[in-house]
Asker: 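Below are the structure tokens for one structure; questions will follow.
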Amino acid sequence: LQQEMRLLLVGRPLPSRQCRWLHWSQPQSYEELWKAVSSFEMQKVIANVAEKTPNRITPRALMYGGRPGDPEYMITSANYLLHTLPVRLSQRIRQFQELPFLVGCNPHIMRVHWLYIRSFQIISNFRRTVNNQDEINFTAMLQNRLDDHRGVLTSLAKGFTECKNYISSDTMQTFLDHILSSRLGIRMLCEHHIAMHENKRGYIGIINLHLSPRDLIHRCADFAREVCQHNYGVAPEVIVDGHVNAIFPYIAQPLEYIMEELLKNSLRATVLSHKHRGALPPVRVTISSSPHEFSIRVSDRGGGIPNEQVPKLLKYSATTADDKSQDDRDVFSHLIGSMNPAAAGPMAGFGYGFPTSRAYSQYLGGDLQFNTMEQMGTDVFLRLKHFDDSFYI
């Protein structure tokens, strides 16, 4: 499988002389930002790279491709990323360029557009790694890129909330599905390469070789209950049942994001539905694991969802939360980021929880579905595949 990674290294990153047309420094004004994203020379280079097909890799290849810290593997991995990342980034940049004019001019969206361009340029300019020092420098650069993009989800949520009257729902849905699922894949590849520098027991990079869904759900429930307690003063109990002893290799980060979003919504609905009724009913999470897939059901007695809202539930910017001021949203996002940086992003109010979770689950070869009974409660079903050769990052 390590040979599979080598075979993916078809072609080379862009020669650095093709990428000197953009300043790397942070734009200090909207005018500088506009100039950076509208460079004619930039558009020609990005268009050429975007025509290529990105080489995707299976999680099994990541798990069995090499040992943590192995110099030969690290150099192979770095060169694979140097080839695939510019292609993936350029295709996302092309999507930004195809947005309606008024939407693309929004400062929040334009800054994310610029971040993708900046990362494209910096990675494309990085020379092919041939020794350990090259790889160490590459890894440091990669970490800087991840840090730069940490707030992308919140920026996109703010930007599209401001521009929702200037873009069709279907166009926004397609754009965000592609952007967010691609972003997940890019971050997993980068974080895996960085984590391969550590020989952490029970892990190969970001892959937990013995992931326990029960333990992960308990961690997510503790976090979601803490947020619920902070905002509403109470939090329902979370009960985990089913195949609670299941253990298998998996990447925890996207699963944690999805579970935190599902639990956050169920806890909030339960509190608001029973705030004048005394004791809160628990939220129940059931685990099922088969040889080929695993499923997680989140059941609440939060009153269900009105029938007229059901078709909108998986649409971006459709929210079941009450309207809040922007200041309230900023405060809440800051709270989430300070309590759990890995999950920082929009929570109640932006309406990105369910659609982002579904985009992530579908990218990982699964799906997210729900059944709701108005005046009773909601069951959300998350189905994901175990590692096999049927889906690629």
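Only a predicted model underlies this, so the values are computations on that prediction, with no experimental measurement involved.
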Asker: Are side-chain N/O atoms of S77 and H193 paired as donor and acceptor at under 3.5 Å?
Answerer: yes
Asker: Assess the residue pair I287 and F294 against the criterion (side-chain contact (heavy atoms from CB on, under 4.5 Å)); give the C-alpha distance rounded to whole Å, side-chain angles, the decisive distance to 0.1 Å, and a yes or no.
Answerer: CA-CA 7 Å; I287 303 167; F294 66 97; 5.8 Å; no
Asker: I want to check something: taking the side chain as every heavy atom from C-beta on, are N131 and E135 in contact at a cut-off of under 4.5 Å?
Answerer: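 Side chain of N131 against side chain of E135, heavy atoms only: no contact under 4.5 Å found.
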Asker: Could you pull out the closest heavy-atom pair between I258 and Y360, with the gap in Å?
Answerer: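 Minimum heavy-atom contact is CD1-CB, 4.0 Å.
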Asker: Between S168 and D170, does any side-chain donor sit less than 3.5 Å from a side-chain acceptor?
Answerer: no
Asker: What is the minimum heavy-atom distance between R301 and P281, and which atoms define it?
Answerer: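 Distance-wise, the nearest heavy atoms are CB-CG, 3.8 Å.
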Asker: Is the H149 to Y116 ring centre distance short of 6.0 Å?
Answerer: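 They qualify: ring centres under 6.0 Å apart.
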Asker: Checking side-chain polar atoms at under 3.5 Å, does S266 have a donor or acceptor matched by the opposite partner on D300?
Answerer: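 Yes - a donor-acceptor pair under 3.5 Å links their side chains.
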Asker: So, E260 and R219, do they make that salt bridge, N to O below 4.0 Å?
Answerer: no
Asker: Identify the residue among L33, N106, L156, V37 that makes a side chain to side chain contact (heavy atoms under 4.5 Å, CB included) with R111.
Answerer: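 Passing option: L33.
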Asker: So that I know where these two stand, are F138 and F126 an aromatic pair - ring centroids less than 6.0 Å apart?
Answerer: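 That pair passes the under 6.0 Å test.
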Asker: State, yes or no, whether a side-chain contact exists between I393 and T58 at a heavy-atom distance under 4.5 Å.
Answerer: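 The answer is no; the side chains never approach within 4.5 Å.
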Asker: Is it the case that Q133 and N137 place a side-chain donor and acceptor less than 3.5 Å from each other?
Answerer: yes
Asker: Less than 3.5 Å apart, any donor N or O on the side chain of Q173 or H178 sitting next to an acceptor on the other?
Answerer: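 The criterion, which ignores hydrogens and geometry beyond distance, is not satisfied for H178 and Q173.
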Asker: Can you name the nearest heavy-atom pair linking P291 to H386, along with the distance?
Answerer: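 Closest approach of P291 to H386, heavy atoms only: O-CD2, 3.5 Å.
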Asker: Please evaluate residues R60 and D388 with respect to the criterion salt bridge (Lys or Arg N to Asp or Glu O under 4.0 Å), reporting the C-alpha separation (whole Å), side-chain torsions for both, the decisive distance (0.1 Å), and the verdict.
Answerer: CA-CA 6 Å; R60 284 172 57 88; D388 57 22; over 6 Å; no
Asker: Tell me yes or no: between the side chains of R284 and S299, is some donor less than 3.5 Å from an acceptor?
Answerer: no
Asker: Taking CZ in F370 as the centre, count heavy atoms belonging to other residues, nucleotides or ligands within less than 6.0 Å. Is the count above 12?
Answerer: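 Yes, because the 6.0 Å sphere around CZ of F370 holds more than 12 heavy atoms from other groups.
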Asker: Hey, quick one: are F381 and L216 part of the same hydrophobic cluster, counting side-chain heavy atoms closer than 4.5 Å, chains of contacts allowed?
Answerer: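 Different clusters: F381 never reaches L216 through Ile, Leu, Val, Met, Phe, Trp or Tyr contacts under 4.5 Å.
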Asker: Can you hop from I136 to Y80 via hydrophobic side chains spaced under 4.5 Å?
Answerer: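 No.
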Asker: What's the shortest heavy-atom distance between S90 and F120, and which atoms?
Answerer: CB-CE1, 3.8 Å
Asker: Taking the ring of F96 and the ring of F175, is the distance between their centroids below 6.0 Å?
Answerer: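 Yes, ring centres under 6.0 Å apart.
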Asker: I'd like to know if D367 and R358 make a salt bridge, using a cut-off of under 4.0 Å between side-chain N and carboxylate O.
Answerer: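 No salt bridge links D367 with R358.
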Asker: Flag the pair R225 and D222 as a salt bridge only when some basic side-chain nitrogen lies within less than 4.0 angstrom of an acidic carboxylate oxygen.
Answerer: no
Asker: Looking at M141, I'd like to know if its CE atom is crowded, meaning that more than 12 non-hydrogen atoms belonging to other residues, nucleotides or ligands lie closer than 6.0 Å.
Answerer: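 Atom CE in M141 is packed in, count exceeds 12.
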Asker: Please tell me whether I247 and L382 are part of a single hydrophobic cluster in this structure, the criterion being side-chain heavy atoms less than 4.5 Å apart.
Answerer: no
Asker: With a 4.5 Å cut-off on side-chain heavy atoms, are Y316 and T356 touching?
Answerer: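 Yes. Closest side-chain heavy atoms under 4.5 Å.
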Asker: Can you see whether T84 engages R88 through a side-chain donor-acceptor pair at a distance of less than 3.5 angstrom?
Answerer: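 Side-chain D/A pair, T84 to R88: present.
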Asker: Within a 6.0 Å radius of atom CZ on R145, are there more than 12 heavy atoms belonging to other residues, nucleotides or ligands?
Answerer: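 Yes.
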Asker: Pairing donors with acceptors under 3.5 angstrom, does anything connect the side chains of T378 and T372?
Answerer: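 Per modelled atom types, T378 and T372 side chains form a pair under 3.5 Å.
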Asker: Please determine, by modelled atom types, if R92 and Q95 share a side-chain donor-acceptor pair under 3.5 angstrom.
Answerer: yes
Asker: How close do C190 and L85 get, heavy atom to heavy atom, and via which atoms?
Answerer: SG-CD1, 3.9 Å
